[in-house]
A.B. asks: 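Sharing a structure with you now.
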Protein chains: 2
Amino acid sequence: MELTTAEENYLKAIYHLSDGGKKSVSTNDIAAEIRTKPASVSDMLRKLGEKEVIQYRKYYGLQITPLGMRLALQTIRKHRLWEVFLVDKLQFAWDEVHEVAEQLEHIQSPLLIERLDAYLNYPKFDPHGDPIPDAFGDVRSRPRIALNEMGIDQSGQIVAVKDSSPEFLRYLDKVGAYIGARIKVLDKVEFDGSIEILVDQKKNLFMSKEVAKNILILTL
Amino acid sequence: MELTTAEENYLKAIYHLSDGGKKSVSTNDIAAEIRTKPASVSDMLRKLGEKEVIQYRKYYGLQITPLGMRLALQTIRKHRLWEVFLVDKLQFAWDEVHEVAEQLEHIQSPLLIERLDAYLNYPKFDPHGDPIPDAFGDVRSRPRIALNEMGIDQSGQIVAVKDSSPEFLRYLDKVGAYIGARIKVLDKVEFDGSIEILVDQKKNLFMSKEVAKNILILTL
DNA sequence: AAATTAAATTAGAGTTATCTAAAAAATAAA
DNA sequence: TTTATTTTTTAGATAACTCTAATTTAATTT
Ligand SMILES: [Mn+2]
Ligand SMILES: [Mn+2]
Ligand SMILES: [Mn+2]
Ligand SMILES: [Mn+2]
């Protein structure tokens with residue numbers, strides 16, 4: 001059972017939007033994620049249903065199947081391995097990798113991925129802190145919370161970002177936030193949810209709730 | 001002006017079959033090369049003509065344009081750089097790279113190729129001995145002749161293979177012929193064109209004309 | 001519960017790439 | 001120079017994927 005590039009992209013979007021099969025996903029959400037029209041999504045859902053990677057009853061909703069999970073995780077694995085390659089080996093910045101990985105993830109060659117994984121020394125996380133599923137689709141995910149949900153005086157470490165857009169990542173570069181940084185919450189503004197943190201025990205950083213929501217923390 | 005994956009494959013085939021625009025190419029030849037039907041080729045030729053990468057008059061023939069040359073060489077450059085990557089970095093054997101490179105060559109990202117080239121240390125030849133065009137499409141090709149055209153006692157070095165099929169390459173592996181090997185013609189059989197050579201001053205090798213035709217030599 | 005609004009699906013059409021079968025043009029043979 | 005053969009192109013279908021516009025179903029509001 002092999003999927004087309006378009007099918008892989010849809011399935012990956014469904015996996016992400018459903019948070020690994022937990023949350024329900026709407027046609028409109030998928031359309032927004034893939035940047036396509038709801039009509040196209042309906043059509044594709046029917047096809048994905050026929051291929052049994054989702055369970056689909058029209059107007060009712062969908063559920064990703066175990067098979068769908070497996071295939072989605074395979075594509076995600078490829079995507080993230082390629083991102084590591086681009087950053088570690090080809091000196092890409094973390095805000096430059098997404099689009100290229102979006103293409104590379106569809107290359108069909110089990111041997112290639114196996115070798116790439118070995119070449120990169122079996123990385124466990126991609127440049128945005130997201131876990132890389134192993135060859136069997138197992139993901140060991142760390143418990144992490146969004147920065148905006150932390151309380152004053154709580155400490156932790158930045159382990160991932162929720163938004164991987166170049167705009168957001170370049171903003172983080174500019175203010176000196178990065179994966180691995182140790183942080184402590186100094187103050188929170190009740191009114192708008194903005195937050196002030198201390199980075200690496202030396203730099204004060206003030207950010208909006210919108211930004212904080214997209215920074216994921218492993219609390220100490 | 002960007003080409004689809006299919007268009008890139010056709011244009012590359014045309015470039016190769018025409019020997020860089022020198023020889024004339026038939027619809028049937030292209031169909032055989034791409035493993036498609038002549039009817040599909042006719043259709044594609046019309047489209048490539050409209051995009052002005054070839055000059056095409058039906059029933060008459062085609063001529064690759066300077067623009068077409070440039071684009072074909074760009075794809076060939078990508079193909080060969082990826083082959084080097086697979087062999088040098090990922091430990092692929094030279095008979096395992098073609099299919100994967102056939103996919104990778106279509107990844108769209110000028111930055112990626114620039115970085116890959118640098119990472120590989122600006123290689124000049126791919127694992128099969130074929131020259132890698134530079135970013136401007138310039139190819140510095142060495143003068144080389146097919147092994148079957150050499151005379152007795154002539155010496156040279158294997159610099160490339162004409163056939164990159166796994167079957168042929170694995171045969172060469174088996175008998176110990178490889179790119180870079182120094183050879184000398186010991187004997188030629190008039191009757192069937194088969195040939196006996198000395199490899200690296202130590203090993204005698206006997207091969208059919210069919211094999212010798214696909215081994216390219218730089219004479220000393 | 002009926003009416004309104006929102007979400008999802010279907011209908012119908014366009015694009016790209018492929019195929020088989022039929023027709024046309026060019027080439028080779030008689 | 002007709003006739004036969006080969007090559008190439010066109011006609012007509014099919015498969016994937018996408019879109020806009022229309023319709024249907026579900027959810028919300030009065
Ligand atoms: Mn993708
Ligand atoms: Mn990522
Ligand atoms: Mn290709
Ligand atoms: Mn090659």
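In the text below, chain A, chain B and the rest are named by the order of the sequence lines, each starting its count at 1.
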A.B. asks: Is there a donor-acceptor contact under 3.5 Å linking the side chains of A/Glu33 and A/His16?
C.D. replies: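 No pair is found: no donor N or O on one side chain lies under 3.5 Å from an acceptor on the other.
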A.B. asks: Could you check how far CD of A/Glu7 sits from P of D/dT18, rounded to whole Å?
C.D. replies: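 These atoms are roughly 10 Å apart.
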A.B. asks: State, with a plain yes or no, whether a side-chain heavy atom of A/Val100 is found less than 4.5 Å away from one of A/Trp82.
C.D. replies: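 Of all side-chain heavy-atom pairs linking A/Trp82 with A/Val100, none is under 4.5 Å.
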A.B. asks: List the atom pairs, donor and acceptor, that lie under 3.5 Å between side-chain atoms in residues 62-70 of chain B and the rest of the protein, sequence neighbours left out.
C.D. replies:
residue, atom, partner, partner atom, Å
B/Gln63, NE2, B/Gly21, O, 3.4
B/Thr65, OG1, B/Glu52, O, 2.9
B/Thr65, OG1, B/Val53, O, 3.1
B/Thr65, OG1, B/Leu67, N, 3.4
B/Thr65, OG1, B/Gly68, N, 3.0

A.B. asks: Given atom CD1 of A/Ile30 and atom C1' of D/dT18, what is their separation to the nearest angstrom?
C.D. replies: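 That distance rounds to 16 Å.
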A.B. asks: Rounded to whole Å, please give me the gap between CZ in B/Arg35 and P in C/dC19.
C.D. replies: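 Value for this atom pair: 12 Å.
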A.B. asks: Between C/dT10 atom P and A/Met44 atom CE, what is the distance in whole Å?
C.D. replies: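 It works out to 15 Å between those atoms.
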A.B. asks: Is any side-chain nitrogen or oxygen of A/Thr36 closer than 4.0 Å to OP1 or OP2 of D/dC19?
C.D. replies: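 For A/Thr36, the contact criterion (side-chain N or O under 4.0 Å from OP1 or OP2 of D/dC19) is met.
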A.B. asks: Less than 4.5 Å apart, side chain to side chain, heavy atoms only: is that true for B/Leu169 and B/Val161?
C.D. replies: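 The answer is yes; the side chains approach within 4.5 Å.
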A.B. asks: Write down the distance between CD (B/Glu2) and P (C/dT16), rounded to a whole number of angstrom.
C.D. replies: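 Rounded to the whole Å, the gap is 11 Å.
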A.B. asks: Report yes if at least one side-chain N or O of A/Lys47 is closer than 4.0 Å to OP1 or OP2 of D/dC17; otherwise report no.
C.D. replies: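 Result: yes.
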A.B. asks: Between B/His79 and B/Asp126, do the side chains contain an N or O donor and an N or O acceptor separated by less than 3.5 Å?
C.D. replies: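 Checked: B/His79/B/Asp126 side chains show no N/O donor-acceptor pair below 3.5 Å.
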A.B. asks: Got B/Gln108 and B/Lys78 here, is their nearest side-chain heavy-atom distance under 4.5 Å?
C.D. replies: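 Sidechains of B/Lys78 and B/Gln108: in contact.
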A.B. asks: Treat primed atoms plus P, OP1 and OP2 as sugar-phosphate and everything else as base, then score nucleotides 2-15 of chain D 5' to 3': B for base contact with protein heavy atoms under 4.0 Å, S for sugar-phosphate contact only, - for none.
C.D. replies: -----SBBB-----
A.B. asks: Figure out the CD1/C1' separation between A/Ile34 and D/dA16, and round it to whole Å.
C.D. replies: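 About 15 Å, once rounded to whole Å.
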